[in-house]
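Quick notes on the structure that follows.
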Amino acid sequence: MKIYSRDYTVLTTEELKEWEILKEKEVVHKSGKFEVRKNKYREYPVAVRHYESLFPNNHLDIVDLQKIDQLSELAEEFHELIYNSTSNERSILNWIREKSAYFIIASIMKGPYNFGHHDAFIFPEFQLGNSYQVDYLLVGRNSGGYEFIFVELEHPNKHITLTDGHLGDAIRKGERQVIDWKYWLEANYATLYETFNKYKDPKKSLPVEFMKYDSTRIHYAVVAGRRNDFNEKTYQLKRQKKSEGILLLHYDNLYDSAKALIGESTY
């Protein structure tokens, strides 16, 4: 599922002209065939920044992170939503889609992980063949290439943990879900080539990370409950699950990481 109503795989004549002018301005010195350039990427038209990416219609634009007032307002709306006793995972998913507040989910890359600063993408309702639907797939790139986070949202306020801090039904349901994804990916990863192909820029080729399964590039996150649902035992289990490749987060973690992301230069 793409996240913009506009198709960013196509540029208008005006956008192409503006892009050409900016590319000319990037040349600050010429000596024969040798050129010294000053990158003006952040000044490109927004459509061009998307157009230049691997997945134009799922690209997370770093310039948007400077919309401080707008993103701060969305973060506070999100905080109110997760503390509303009537909210559930579906209402949260719907709100993020309606508000295009994808930076909240994407903030997972900036916090626990260290990729996304070279390129970042989000795919809501990402299909794993005909078997499973992932709430969000995050794709980020660093110097080592692309990595992936498969994200499952569970209930914000019901059946999160037991009184002794052990995992409740909501988290265990999410954990079972990501284990099913893991087994599917191990057996069928190469078939995702066709899915990624539908999203990518038709002028570009998919890097090998999208075709060859590498477990060190695959991560999983389950989001459920709030901060006060977690105690010392829960955090012990959280550390254990992280060593197994599953990151357990509460919704306050998302709020905190989203707030920290606002105004940053990259994801």
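What you see below is based on every heavy atom in this structure, not just the backbone, and it leaves out hydrogens, waters and symmetry mates. All figures in this text were calculated on a predicted structure; none of them were measured in a lab. If you read the sequence from its start, that first residue is 1, and numbering goes on from there.
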Is a donor on one side and an acceptor on the other found under 3.5 Å between the side chain of [X] and the backbone of [Y]?
X    : Y    : result
N157 : I82  : no
N253 : L249 : no
Y4   : H59  : yes
D119 : G140 : no
S257 : I108 : no
N188 : T191 : no
E147 : E209 : no
N57  : Y8   : yes
T161 : D229 : yes
D61  : H50  : no

(request) Compute whether any side-chain donor of one residue and acceptor of the other, for E15 and T12, lie under 3.5 angstrom apart. (result)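 Yes, side-chain donor-acceptor contact under 3.5 Å.
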(message) I'd like to check the salt bridge (Lys or Arg N to Asp or Glu O under 4.0 Å) partners of K173; sequence neighbours left out, ordered by chain and number.
(response)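 E154.
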(request) For N231 and T234, run side-chain hydrogen bond (donor to acceptor under 3.5 Å, both in side chains): C-alpha distance rounded to whole Å, both residues' side-chain angles, the deciding distance at 0.1 Å, then the answer. (result) CA-CA 5 Å; N231 66 14; T234 317; 3.1 Å; yes
(request) Classify the ring geometry between W181 and F150 as parallel (under 30°), tilted (30 to 60°) or perpendicular (over 60°). (result)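 W181 vs F150 ring planes: tilted.
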(message) Below 30° counts as parallel, above 60° as perpendicular, anything between as tilted: where do the rings of F123 and Y199 land?
(response)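 The rings of F123 and Y199 stand perpendicular, inter-plane angle above 60°.
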First locate atom [atom1] of [X], then atom [atom2] of [Y], and finally report the distance between them rounded to the nearest 0.5 Å.
X    : Y    : atom1 : atom2 : value
H250 : R226 : NE2   : CZ    : 11.0 Å
Q240 : I246 : CD    : CD1   : 10.0 Å
K2   : R6   : NZ    : CZ    : 10.0 Å
E18  : T13  : CD    : OG1   : 13.0 Å

(message) Against the six-membered ring of Y146, is R217 placed for a cation-pi contact (under 6.0 Å from the centre, within 45° of the normal)?
(response)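 Not satisfied by the 6.0 Å and 45° rule.
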(message) Taking the six-membered ring of Y44 as reference, does the cationic atom of R49 (NZ for Lys, CZ for Arg) lie under 6.0 Å from its centre and within 45° of its axis?
(response)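 No, cation not above the ring by the 6.0 Å, 45° rule.
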Should the pair [X]-[Y] be classified as a salt bridge under the 4.0 Å nitrogen-to-oxygen rule?
X    : Y    : result
E194 : K198 : no
D256 : K259 : no
E20  : K25  : no
E14  : K17  : no

(request) May I ask you to check whether over 12 heavy atoms, not counting those of E73, lie within 6.0 Å of atom CD? (result)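 No, CD of E73 has 12 or fewer neighbouring heavy atoms, counting only those of other groups under 6.0 Å.
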(request) Please check if the distance between the ring centroids of F115 and Y267 is under 6.0 Å. (result)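 No, ring centres 6.0 Å or more apart.
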(message) I'd like to know whether the aromatic ring centres of Y189 and F210 sit less than 6.0 Å apart in this structure.
(response)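 No; F210 has its ring centre 6.0 Å or more from that of Y189.
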(message) Can you list everything that forms a side-chain hydrogen bond (donor to acceptor under 3.5 Å, both in side chains) with Y51? Sequence neighbours excluded, please.
(response)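 Per chain and number, Y51 pairs via side-chain hydrogen bond (donor to acceptor under 3.5 Å, both in side chains) with K203.
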(request) Under the side-chain hydrogen bond (donor to acceptor under 3.5 Å, both in side chains) rule, what do E76 and Y255 come out as? Steps first, then yes or no, please. (result) CA-CA 8 Å; E76 295 312 314; Y255 170 73; 2.7 Å; yes
(request) Group every Ile, Leu, Val, Met, Phe, Trp and Tyr by side-chain heavy-atom contacts under 4.5 Å, then state whether F121 and M1 land in the same group. (result)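 F121 and M1: separate clusters.
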(request) Measure across L138 and V151 and return the closest heavy-atom pair with its distance rounded to 0.1 Å. (result)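 Residues L138 and V151, closest heavy atoms: CD1-CG2, 4.2 Å.
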(request) Using the salt bridge (Lys or Arg N to Asp or Glu O under 4.0 Å) rule, take K67 and D64 through it: C-alpha gap first, then chi angles, then the decisive distance, then the call. (result) CA-CA 6 Å; K67 298 176 180 178; D64 286 345; 3.1 Å; yes
(request) Output, in order, the C-alpha distance, side-chain angles, deciding distance and verdict of side-chain contact (heavy atoms from CB on, under 4.5 Å) for I92 and F78. (result) CA-CA 8 Å; I92 292 171; F78 176 72; 4.1 Å; yes
